[in-house]
Amino acid sequence: MTEVRYGLYKSSIGPITVIAEDDEITMLDFCDCVEKGLMNNEWFSDLFQKLDMYFQGKRVEFTVKIRLPMNPFRQRVFKEVMKLRWGEITTYKHVAERIGSSPRAVGTALSKNQTLLLVPCHRVIAESGIGGYSRGVDIKRKLLKLEGHEF
DNA sequence: TTGACCTGGCCGC
DNA sequence: GCGGCCAGGTCAA
């Protein structure tokens, strides 16, 4: 029996909704889409503490379990991106070379990322600049700034 | 089947 | 240097 838990974290750049199934995070997104009655913030206290530190600009490694997509190609992309540590950035081209694919396909895979921050797709930028972001380039820019990068 | 996506390389000018 | 074209993987329409 799958147990689903919902949490809402208020970050300095907007509300973040977190959803976990059993003990895996299945979604972490910049939106306020949790019904109040369903919230179970206590369950997420460890993660929220880390988010506190993260949004204070401190170096944080997220160690929570996340659910990777079923799609094998995306799994490869996500695993490659998850190797990036706090403050590290790379390009779509570099990720594509590592997994033997094309930058365009990497961008598409990352655009489907449900677990923002945990799969740090904001650390993947275009060669020509910051690149795009499914939740808006503005959020991507702010996240990168927290980690010491200006775009 | 087509077009749209978080890109980049190549070509012609 | 810049604009146009298209390969790349996936999915919604």
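Proteins come first, then strands; the chains are lettered A, B, ... in the order of their sequence lines, and each starts at number 1.
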Sequence-aligned protein contact record of nucleotides 7-13 of chain B, with B where the base is within under 4.0 Å of a protein heavy atom and S where only the sugar-phosphate is: BSS----

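- To the nearest whole angstrom, the two P atoms, one in C:dA13 and one in B:dC6, are 15 Å apart.
- There is no side-chain donor-acceptor pair under 3.5 Å between A:D138 and A:Y133.
- Checked by atom type and distance alone, the side chain of A:N40 never pairs as donor or acceptor with a backbone atom of A:Y6 at under 3.5 Å.
- Residues from residues 111-122 of chain A with heavy atoms under 4.0 angstrom of DNA chain B, sorted by number: A:S111, A:C121.
- Contact detail for A:L8 and A:P15: the closest heavy-atom pair is CD1-CB, 4.2 Å.
- Annotated as anti: B:dG9, whose O4'-C1'-N torsion sits more than 90° from 0.
- We find the CD-NZ distance between A:E61 and A:K50 to be 8.0 Å, quoted to the nearest 0.5 Å.
- Considering every non-hydrogen atom in both A:E21 and A:V4, the closest pair reads CG-CG2, 3.9 Å.
- Counting non-hydrogen atoms under 4.0 angstrom, A:S101 reaches the backbone sugars and phosphates but no base.
- Between A:L116 and A:F30, the shortest heavy-atom distance links the atoms CD1-CD1, 3.7 Å.
- If you walk DNA chain C from 5' to 3' and mark each nucleotide with an atom closer than 4.0 Å to a heavy atom of chain A, the marks span C:dG8 to C:dC11.
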Show the numbers, then the answer: is there a side-chain contact (heavy atoms from CB on, under 4.5 Å) between A:N113 and A:V81? CA-CA 11 Å; A:N113 183 14; A:V81 172; over 6 Å; no

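- Checked against side chain to side chain contact (heavy atoms under 4.5 Å, CB included), A:Q49 has no partners two or more places apart in sequence or in another chain.
- Judged by distance alone, with hydrogens and angles left aside, the side-chain atoms of A:H122 form no donor-acceptor pair with the main-chain N or O of A:R141 at under 3.5 Å.
- Not counting sequence neighbours, the partners of A:D23 by the salt bridge (charged side-chain N to carboxylate O under 4.0 Å, His left out) test are A:K65.
- If you take CZ of A:F151 and P of B:dC6, they are 18 Å apart, rounded to a whole angstrom.
- In terms of heavy atoms, A:G131 sits closest to A:A126 at CA-CB, 3.8 Å.
- Closest approach of A:N41 to A:G7, counting heavy atoms only: OD1-CA, 3.2 Å.
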Could you write out DNA chain C as a dot-bracket string, with dots for unpaired bases, | for bases paired across to another strand, and Watson-Crick or G-U pairs counted at under 3.5 Å? |||||||.|||||

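- In this structure, A:F73 reaches the sugar-phosphate backbone alone: every heavy-atom distance under 4.0 Å involves primed, P, OP1 or OP2 atoms, never a base.
- When every heavy atom of A:I125 is checked against every heavy atom of A:G129, the shortest pair comes out as CB-O, 3.5 Å.
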